[in-house]
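As the structure is a computational prediction, the values presented were derived from the model and not from experiment.
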2 protein chains.
Amino acid sequence: MADDTLKPVAQRHERVRRQHNDELAEDYVEAIHGLLEENEQARVTDLQGIFGVSHVSVIRALDRLEARGLLERSRKEGIRLSAEGQQMAQESARRHELVVKFLRVLGVSNTRAEADAEGIEHHLSEETLRAMRRLIRQRERG
Amino acid sequence: MADDTLKPVAQRHERVRRQHNDELAEDYVEAIHGLLEENEQARVTDLQGIFGVSHVSVIRALDRLEARGLLERSRKEGIRLSAEGQQMAQESARRHELVVKFLRVLGVSNTRAEADAEGIEHHLSEETLRAMRRLIRQRERG
DNA sequence: TCAAGAATGTAGCACAGGCTACATTTCAGC
DNA sequence: GCTGAAATGTAGCCTGTGCTACATTCTTGA
C-alpha cells in the first residue's frame, strides 16, 4: 500500500514505524562516534556495556549497519564509520543535546532529561526541533 | 543481567526497549476505545485503516493483547476492552492530548503536533509531563 | 433465498533484535 | 613462548510485527 493512499492517521503510524527502524542505527553510530573520539577505538564490548545487551546482539546489529553502509569493520582497524555514518552520528548527537537542553530549560532534572531524550529524540520533526530551539533562546535571553 | 547491575546509560536504553514493547498495546487500546465511543463497535477493518497495516497484522496484535488481558473478543460481542485496557486507553488518550497541546503551545502546527506526539508520547516520564503542563499553564495565563 | 462481496481467520514466510551455548582469536603477564 | 582470560564470532533458538495467499463466515441486496 503506497503511503499516499493511506489515511492521515495511518500515515502517522507508518512514520513512527519507520522511525523505529532507524533508531537502532542512530543510537549505534552515535555511540560509536563517541567512543572513537574518546578512545580512538570502539569495541563490541564497549557497545555491549552502553546498550546493556549481549555481545551477540551487538555483533548482529553491527552486521546490519555494515550492510547498510554506515560502517566498516576489519580485524586490524576495528570499527570505523563511513562518511554517511559519521554524518548520521553528528546529526544524532546534535539533536540529542538539543533535546536534553530543552528539557533542562523546561525544568526537568538532568537524569530524567537524559532518559526521556533517549526515547523521544528519534521522533521529532524539524518543525518541533525549531520550536524547541526558539524556547531555549527565549529562556536564555531572560 | 539484572537492571541494577547495568550502567546508567544501559538502563536508559533498556527502558526505551521496554517502552517500545508497550507502544503497540497503548496505541491499540487507545484506538479501540475511540472507536467504541464513536461507533459502539471496533472492527478489525477499522483498526487496519487506522494503523495502515494488513488485517492479519491487526488480528495478530489483538491476539497478543487478548493474551495480555487488555481486551476480549467474541463473535457476537466483537472487541471489548477489559478494565485494565480501558484504564490504559484513558491514560494514553490523556497523555496524547497533553503532548499535542504542549506542542501547539510551543508553536508547532497542528499536523506536525499530531504526528510528533504519536512518536514521543510513549517515552515521557511523569516529571517531563508535569513540566509540560507547567508550561501550558504559564502560556495560558500570560 | 442465495450469491457476491466484506469481514474475519489461518498458514506460512521474512526480518529485526533479543538470548544461551559453544568456538575461535587476541592479548597480557609470567 | 605459553597459558589463561578477554574479546570476538557462530549456531541456533525465541518473540514481535510485518507480509501474501488461501480459507471461512457474515451480511446484504436482487
Side-chain angles (χ1 to χ4, degrees), chain A residues 1-3 5-6 10-11 13-29 31-32 35 39-68 70-80 118 122, chain B residues 1-3 5-6 10-11 13-29 31-32 35 39 41-68 70-80 118-119 122:
Chain A
M1 187 140 51
D3 187 76
T5 69
L6 295 177
Q11 288 181 30
H13 284 290
E14 209 270 329
R15 170 172 172 259
V16 176
R17 286 195 297 274
R18 252 181 296 119
Q19 288 168 337
H20 281 159
N21 275 338
D22 291 337
E23 271 195 51
L24 184 131
E26 291 182 0
D27 286 340
Y28 267 77
V29 294
I32 290 166
L35 286 168
N39 313 332
E40 274 137 60
Q41 61 167 350
R43 299 175 309 158
V44 171
T45 303
D46 302 324
L47 293 165
Q48 171 180 7
I50 288 172
F51 293 109
V53 297
S54 74
H55 77 281
V56 182
S57 297
V58 172
I59 288 170
R60 305 252 313 254
L62 292 176
D63 288 344
R64 287 190 290 271
L65 299 182
E66 193 166 14
R68 279 180 60 176
L70 293 169
L71 55 84
E72 280 159 45
R73 278 186 296 166
S74 68
R75 280 265 176 241
K76 32 185 317 208
E77 307 256 356
I79 302 169
R80 286 149 304 148
E118 209 68 75
H122 307 286
Chain B
M1 186 141 51
D3 187 77
T5 69
L6 296 177
Q11 288 181 31
H13 285 289
E14 210 269 331
R15 169 171 172 262
V16 176
R17 287 197 296 274
R18 252 182 295 117
Q19 289 168 336
H20 281 160
N21 275 337
D22 290 338
E23 270 195 51
L24 183 131
E26 291 182 0
D27 286 340
Y28 267 77
V29 296
I32 291 166
L35 287 169
N39 314 332
Q41 61 167 350
R43 298 175 311 159
V44 171
T45 303
D46 301 324
L47 294 166
Q48 171 180 6
I50 288 172
F51 292 109
V53 297
S54 73
H55 77 280
V56 183
S57 297
V58 173
I59 288 171
R60 305 250 313 253
L62 292 176
D63 287 344
R64 287 191 291 272
L65 298 182
E66 192 166 13
R68 278 180 61 175
L70 293 170
L71 54 83
E72 281 160 43
R73 276 185 299 166
S74 68
R75 279 263 176 240
K76 32 186 314 205
E77 307 256 357
I79 301 169
R80 286 148 304 149
E118 208 69 73
H122 308 286

| query | Among C:dG9, C:dG18, D:dT8, which is the nearest nucleotide to the side chain of B:His55? | reply | C:dG9
| said: Measure NZ/A:Lys76 against P/D:dT8 and give the value in whole Å, please. | reply: 17 Å
| request: Look at all strands and tell whether B:Ser54 reaches a base, only sugar-phosphate, or nothing, counting heavy atoms closer than 4.0 Å. | output: base
| said: Please give me the minimum heavy-atom distance between B:Leu47 and B:Ala31, naming the atom from each residue. | reply: CD2-CB, 3.9 Å
| query | Expressed in angstrom and rounded to an integer, what is the separation of A:Gln41 atom CD from D:dA6 atom P? | reply | 16 Å
| task | Would you mind telling me which of A:Thr45, A:Asn39, A:Asp46 makes a side-chain hydrogen bond (donor to acceptor under 3.5 Å, both in side chains) with A:Arg43? | result | A:Asp46
| message | Distance check needed: C:dA7 P versus B:Leu35 CG, whole Å only. | response | 14 Å
| Okay, side chain of B:Gln11, backbone of B:Leu6: is any donor-acceptor separation there less than 3.5 Å? | yes
| said: Main chain of A:Gly52, side chain of B:Glu14: is a donor-acceptor contact present, judged purely on distance under 3.5 Å? | reply: no
| note | Closest to the 5' end of DNA chain D, once A:Arg17 and A:Thr45 are matched to their nearest nucleotides, is A:Thr45
| B:Arg43 CZ to D:dC26 C1': how many Å, rounded? | 12 Å
| query | How long is the line joining CD of B:Gln48 and C1' of C:dT8, in whole Å? | reply | 10 Å
| query | Picking from D:dG9, C:dG18, C:dT10, which would you name as closest to the side chain of B:Ile59? | reply | C:dT10
| task | Whole angstrom is fine here: how far is it from CZ in A:Arg18 over to P in D:dG18? | result | 13 Å
| remark: CD (A:Gln48) and CD1 (A:Ile59) are apart, to the nearest 0.5 Å, by 9.0 Å
| task | Give a yes/no answer on whether the side chain of B:Arg73 brings an N or O atom under 4.0 Å of OP1 or OP2 in C:dT8. | result | no
| query | Start at the 5' end of DNA chain D and walk down; is the nucleotide closest to B:Ser57 or to A:Ala42 reached first? | reply | A:Ala42
| field | For atom CG of A:Leu47 and atom P of C:dG17, their distance in whole Å | value | 15 Å
| task | To the nearest Å, give me how far apart CG (B:Asp63) and C1' (D:dT17) are. | result | 12 Å
| Shortest non-hydrogen contact from B:Phe51 toward A:Arg17 | O-NH1, 3.1 Å
| message | Between A:Gln19 (side chain only) and B:Gly119 (backbone N and O only), is there a donor and an acceptor less than 3.5 Å apart? | response | no
N/O-N/O pairs, protein side and nucleotides 11-16 of chain C side, under 3.5 Å:
{"unit_1": "C:dG12", "atom_1": "O6", "unit_2": "B:Arg60", "atom_2": "NH1", "d": "3.2"}

